[in-house]
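I have placed the structure first, in the form of structure tokens, so that the comments after it can refer back to it.
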Amino acid sequence: LSSESIRELGSLPGPKGLPVLGNALQIRPAVFHRQLEDWVAEYGPAYRIAIGSRQYLCTADPEHIDSVLRRRPDVFRRAERLEQIAQDIGFVGVFSASGGTWRRQRQMVMAGLDPRHIRNFLPALVDVTERLQRRWLAAAQAGRDLDLLDELMRYTVDVTTSLAFGKNLNTIEEGDSALIQRHLNVIFPTIMRRLLAPVDFDHYLGNWRIAGHLRELRQAVDGFIATARRELEQDPALRERPRNLLHALLVARDRPDSGLTDEDVSGNVFTMLLAGEDTTAYTIAWMLWFLQRHPDTLRQAQAEVDSALAGARLATSMEQLAGMDYLQACAYEAMRLKPVAPLIINEAVEDTVVGDIRIPRNAQVMCIMRPTVLDPARVEQPTAFDPARWLDPQAQAAHFKRASMPFGSGPRTCPGRFLALVEIKLLASMLLANFDLEEVGSQNGAEPAEKLSFVMAPEAMRMRLRPKARASAARQSAAAEAVQS
Ligand code: HEM
């Protein structure tokens, strides 16, 4: 690009703000993603806003987004404010870290979440799923409604803690342990509010409202670490073959040249709790909500599950899960329409250019992820819930898949995506194999509202299940035929 064709960030269109405060007073944190999407419709795919002295390029252009996400960590990083918040609350992990610290931590976290480790942990994940099945059966037999988000959060808390820390919290059966979630429910919105405030007063004044929650959460995390340390001492062979992510983190930290500290370990334990639970639980909730509204899609998913499980109540092998392509497509379709990460915020480490727009050092680039995958020029019938589009081998489908990035893109793409898909398929197939989905929805029956609190959550939903009569052999083979045809 010649220097004449470069546009300055300040020259872009955008909502009019006030002197000093910029657009700060217009922002409503709980629906900020919707506001940014509405502004795309009004000002085009690339526009600017300001929050206090911070300048933002807001972009829904997939080429801009790709260029920013791929040039991390050297040219772009996560917002410095996020790292500051993480430091204040005492948890710097791979999500908030930058530069060399991020590189060291990323390597260590990736190693623990790779497909080989997840395969080794499948029996633990199956145990958690089985407990949930028993709990849901009792509710279904009693004709009791379930609080869907609460149920799913218990599931993802149990999965993450048993996989990552080797600790079976069992929040599914022992309600009190769901305390972890209660703490996170207070801490997440605080992080979001601080991230978007023109001035981060909490950084200077502290925040007594979350202090108690942080203290208890830190105690829980310290407990996980102490247990893992004891296990490594009692069984030194674990250093060669770590049994869980926390063992692996501690072994990596203890190497003389690792450059890692105890804080790196606890920061990443907290990060796993933060990044792994709401995301997966909300994705499943939306997916079930769509399935219940689309009986043909639900039937097709059910047929695939019946065929893959061949009469079993639960999947117990990776091979069974690998045979659930349609169910996976349902998850991707739910994430296209209801992404849990509708915004990815980045900060320029140096002066740079995005597309034809000059981005000064420290300016922010707000990647707005959903408009592209709802664009009628790219996606046929964009607002329809149609999982089959993900299985279409045609070029158009491939083009569309590239534009959709529910797990982000580039070097900082979500390291938990493989685990998340395993969790989603394991739980959804358990549900479809054992229950009929009678009702999933918000209290008033309307489409659940979207609420942004760090990730995008649906409002409360309830679910009613009916126990299924066990499938007959005849139904099994009919299902298998339906899937093959
Ligand atoms: C459906 C479920 C999930 C979704 C949609 C999701 C989505 C995302 C997205 C969009 C990002 C940002 C990527 C980027 O900046 O390019 C991310 C980062 C991350 N996710 Fe996930 N995630 C999910 C589940 C999980 C799980 C289960 C874990 C771990 C237990 C996890 C751990 C992380 C971590 C540690 C990062 C930060 C990576 C880095 O900055 O290097 N996520 N995720």
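Remember, it's 1-based here, ligands and their atoms both numbered in the order they're listed.
Closest heavy-atom approach to atom 12 (C) of ligand 1 within the set Arg70, Met405, Arg78: this belongs to Arg78.
Those atoms of ligand 1 that come under 4.0 Å of a heavy atom in Val340, given as number and element, are 5 (C). Atoms of ligand 1 found under 4.0 Å from any heavy atom of Pro406 (numbered from 1 in listed order, with element): 5 (C), 7 (C), 10 (C). Every atom of ligand 1 with a heavy atom of Arg106 under 4.0 Å away is listed here by number and element: 38 (C), 39 (C), 41 (O). Near Arg72, with a cut-off below 4.0 Å to any heavy atom, the atoms of ligand 1 are 14 (C), 15 (O), 16 (O).
Residues Glu83 and Arg77 are paired through a salt bridge, judged by an N-O separation under 4.0 Å between the basic side chain and the carboxylate. Using a cutoff of 4.0 Å between basic side-chain nitrogens and carboxylate oxygens, Asp351 and Arg358 are not scored as salt-bridged.
Considering backbone and side-chain atoms alike, Ser409 places an N or O below 3.5 Å from some N or O of ligand 1.
In this structure, Leu260 and Arg104 have side chains that are in contact, with non-hydrogen atoms separated by less than 4.5 Å.
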Which is it for Glu304 and Asp325 under the side-chain contact (heavy atoms from CB on, under 4.5 Å) test, yes or no, and what are the steps along the way?
CA-CA 8 Å; Glu304 182 186 70; Asp325 288 344; 4.2 Å; yes
Worked verdict on Ile49 versus Tyr43 for side-chain contact (heavy atoms from CB on, under 4.5 Å):
CA-CA 11 Å; Ile49 62 167; Tyr43 300 106; over 6 Å; no
Check step by step if side-chain contact (heavy atoms from CB on, under 4.5 Å) holds for Tyr282 and Met153.
CA-CA 8 Å; Tyr282 299 154; Met153 220 78 87; 3.6 Å; yes
Test side-chain contact (heavy atoms from CB on, under 4.5 Å) on Arg313 and Thr129; report intermediate values, then the result.
CA-CA 10 Å; Arg313 282 181 184 281; Thr129 314; over 6 Å; no
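The nearest protein atom to atom 37 (C) of ligand 1, hydrogens excluded, is given as Phe95 CD1, 3.2 Å; this is a heavy-atom distance. Protein heavy atom in closest approach to atom 13 (C) of ligand 1: Arg412 O, 3.3 Å. Scanning the protein for heavy atoms near atom 1 (C) of ligand 1, the closest one is Thr283 OG1, 3.4 Å.
At a cut-off of 2.8 Å, measuring from atom 21 (Fe) of ligand 1, the protein N, O or S atoms that fall short of it are Cys414 SG, waters left aside.
Under a 4.0 angstrom heavy-atom cut-off, Val94 registers as being in contact with ligand 1. The shortest heavy-atom distance from Met369 to ligand 1 is not under 4.0 Å. By the 4.0 Å heavy-atom criterion, Gly410 is excluded from the residues contacting ligand 1. Residue contact annotation: Trp102 has a non-hydrogen atom under 4.0 Å from ligand 1.
Aromatic ring pairs are classed by plane angle as parallel below 30°, tilted from 30° to 60° and perpendicular above 60°; the pair Phe95 and Phe454 is perpendicular. Phe290 and Trp286 have tilted rings, their planes meeting at an angle from 30° to 60° on a 0 to 90° scale. The aromatic rings of Phe407 and Tyr332 stand perpendicular to each other, their planes meeting at an angle above 60°, with 30° marking the opposite boundary.
Sorted by first then second residue, the salt bridge (Lys or Arg N to Asp or Glu O under 4.0 Å) pairs that include residues 87-96, not counting sequence neighbours, are Asp88-Arg194.
Contacts with ligand 1 closer than 4.0 Å are made by heavy atoms of both the backbone and the side chain of Thr280.
Cation-pi geometry between Arg48 and Tyr56 is not met at under 6.0 angstrom from the ring centre and within 45 degrees of the axis.
Heavy-atom contacts from other residues, nucleotides or ligands closer than 6.0 Å to CD of Glu459 number more than 12.
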